[in-house]
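A quick note: this is a predicted structure, and the numbers were derived from the prediction, not measured.
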Amino acid sequence: MGLEQLPSKNASVQNYGAGDLKPLFSAIDRKESQGVLGVWVVGVNAANRDMVKAYLKRMTQSEDEPIFYDRKGTGGGLFVITPTPITFKEFVEVAGKMGKVSLQDKERFFVEVILNRDRFEARPASAALQDERHQYFVLANLKELSCLDIRRVIAAAKRLSAVNPDKMRGEVSSRLVELLREPWGRDAEYVTALASALVVWAEPDHEEAQRVVDYVATELKKADCEIPASLIRFLLHGSEKRSLALLLEEWKKDPQKWEDECKAAGPTGEADIIRSLNESDDFVLKRSAARILGEIGSEASLSALKAFTHDADNELRLCAELSVNLIEKRLGIDSSAKGGR
């Protein structure tokens, strides 16, 4: 039968009634090539059913909602997931995060799991979770990151992102990396909360954290979602040049928001910013470029800026003049020798 049994001696598909697993077998007959999986969840109820369903949809990377078949009087119910690209082995791992896997049958694409309700059901907020001065604040919120109720995970990540990292920095950052390497579904709030906490808790040169945050920022950009400034600041500590390109792309879309970040990035982006000053038709962007070059520019910026010191746009002309003065002062150029400018 291909049945791999785990601790329970009497665990067997044969223990189910004739109709209990019929929806799974019918789905397999109809859509076997599309990836069909079934999980019987012992302990599922009206309070946690939707959370279990959302978790299964996200973690199995299915485009469709899992279908739930309530089996009242049995202490559980059946979820059928299709289509899904994950393997049966990966599915067993997904189920294992919900609780104790008591049965797995690869031939029938079926798993039974005894739900750990603590991971899904809300509890009264304790002082340790809310008060950052509490000695168990970090530990309590780290534990929350292991629950499968996505709302609790988001709340814990937001609390952790609002404090200075102290003890357990390695444990918190490792857990956040682990979560971000899992499927996210389409929940931008979830992934943004996790990534925002990670850039607070991870060391700036942490290579795995850099890779994960770079991936998060790229995916948020693809989905046309806002990228938190803290993520780009974190990426600028890494060796990847893509982070600067990402920063400049965001700056071109919203110069006022990202101007300070471009200044903080230093002279690395000077050539690109000079190009925007010279080529852009957006006067808001040109003024921003002039101000940035005043902070980071070298002699290369001087010649570009001087071309705009007589521009018809009064604000751009003023920005260019001020930036020329800043660069000349920084380079030790005698302003009395400016002559024909």
Side-chain angles (χ1 to χ4, degrees), residues 192 195-196 199 204-205 207 209-341:
T192 300
S196 297
V199 300
D205 57 353
E207 290 186 6
Q210 282 280 338
R211 283 194 293 270
V212 169
V213 173
D214 179 67
Y215 179 68
V216 168
T218 302
E219 291 301 303
L220 287 174
K221 182 176 178 293
K222 286 180 184 177
D224 200 25
C225 295
E226 182 178 356
I227 303 172
S230 59
L231 270 62
I232 293 182
R233 289 193 206 103
F234 181 78
L235 289 172
L236 291 171
H237 289 285
S239 58
E240 293 286 343
K241 298 299 182 184
R242 287 179 298 175
S243 57
L244 179 62
L246 181 62
L247 169 61
L248 292 175
E249 285 181 27
E250 294 301 311
W251 168 67
K252 289 174 185 177
K253 291 189 290 186
D254 192 344
Q256 293 180 328
K257 177 179 178 180
W258 295 100
E259 184 174 313
D260 288 342
E261 304 302 328
C262 289
K263 291 176 181 177
T268 310
E270 182 182 17
D272 292 290
I273 293 169
I274 290 174
R275 191 176 301 113
S276 294
L277 175 66
N278 289 329
E279 299 177 1
S280 176
D281 294 327
D282 182 345
F283 277 94
V284 174
L285 183 65
K286 293 173 82 73
R287 294 165 194 158
S288 178
R291 289 191 293 267
I292 293 168
L293 292 174
E295 298 290 334
I296 70 167
S298 64
E299 287 191 32
S301 293
L302 273 178
S303 57
L305 287 164
K306 286 179 180 178
F308 292 93
T309 56
H310 300 288
D311 197 87
D313 181 82
N314 290 333
E315 189 172 344
L316 176 58
R317 183 174 69 250
L318 179 60
C319 289
E321 289 175 351
L322 291 173
S323 291
V324 166
N325 290 334
L326 284 171
I327 294 173
E328 288 181 335
K329 183 177 181 180
R330 188 164 61 249
L331 297 180
I333 296 174
D334 186 355
S335 60
S336 64
K338 291 187 286 186
R341 185 171 65 81

Taking Ser280 for its side chain and Leu277 for its backbone only, find out whether a donor-acceptor pair lies under 3.5 Å. no
Short question: side chain of Ser323, backbone of Ala320 - any donor-acceptor pair under 3.5 Å? no
Grab the two heavy atoms, one from [X] and one from [Y], that are nearest each other, plus how far apart they are.
X: Lys221; Y: Ile227; value: CB-CD1, 4.0 Å
X: Phe308; Y: Leu316; value: CD2-CD2, 3.7 Å
X: Leu293; Y: Leu305; value: CB-CD1, 4.1 Å
X: Leu236; Y: Ala265; value: CD1-CB, 4.2 Å
X: Trp251; Y: Ser288; value: NE1-OG, 2.9 Å
X: Ile327; Y: Ser301; value: CD1-CB, 3.8 Å

Gap separating the [atom1] atom of [X] from the [atom2] atom of [Y], nearest 0.5 angstrom:
X: Lys252; Y: Leu247; atom1: NZ; atom2: CG; answer: 10.5 Å
X: Cys319; Y: Arg317; atom1: SG; atom2: CZ; answer: 11.0 Å
X: Leu326; Y: Glu321; atom1: CG; atom2: CD; answer: 12.0 Å
X: Asp311; Y: Leu318; atom1: CG; atom2: CG; answer: 12.0 Å
X: Cys262; Y: Glu250; atom1: SG; atom2: CD; answer: 10.5 Å
X: Thr218; Y: Leu231; atom1: OG1; atom2: CG; answer: 10.5 Å

One thing to verify: whether Lys222 and Glu219 come together as a salt bridge, which I'm taking to mean a side-chain N less than 4.0 angstrom from a carboxylate O.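 The answer is yes: the pair qualifies as a salt bridge.
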Find out whether [X] and [Y] are in side-chain contact, i.e. whether some heavy atom of one side chain is under 4.5 Å from a heavy atom of the other.
X: Ile273; Y: Ile296; answer: yes
X: Gln210; Y: Phe234; answer: yes
X: Lys286; Y: Asn278; answer: no
X: Pro228; Y: Leu220; answer: yes
X: Leu331; Y: Leu302; answer: yes
X: Trp258; Y: Ile292; answer: no

Give a yes or no on whether Lys253 atom NZ has more than 12 heavy-atom contacts from other residues, nucleotides or ligands under 6.0 Å away.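 Yes, the 6.0 Å shell around NZ holds more than 12 heavy atoms from other groups.
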Listed once per pair and sorted, the salt bridge (Lys or Arg N to Asp or Glu O under 4.0 Å) pairs that draw on residues 257-268, sequence neighbours left out: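 Residue pairs with at least one partner in residues 257-268: Glu226-Lys257, Arg233-Glu261, Glu259-Lys263, Glu259-Arg291.
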Might you work through the side chain to side chain contact (heavy atoms under 4.5 Å, CB included) test for Thr192 and Cys225, ending with a clear yes or no? CA-CA 10 Å; Thr192 300; Cys225 295; over 6 Å; no
Working for salt bridge (charged side-chain N to carboxylate O under 4.0 Å, His left out), residues Arg275 and Asp272: CA-CA 5 Å; Arg275 191 176 301 113; Asp272 292 290; 2.9 Å; yes
Will you find, in the side chains of Glu270 and Ser298, an N or O donor that is under 3.5 Å from an N or O acceptor? yes
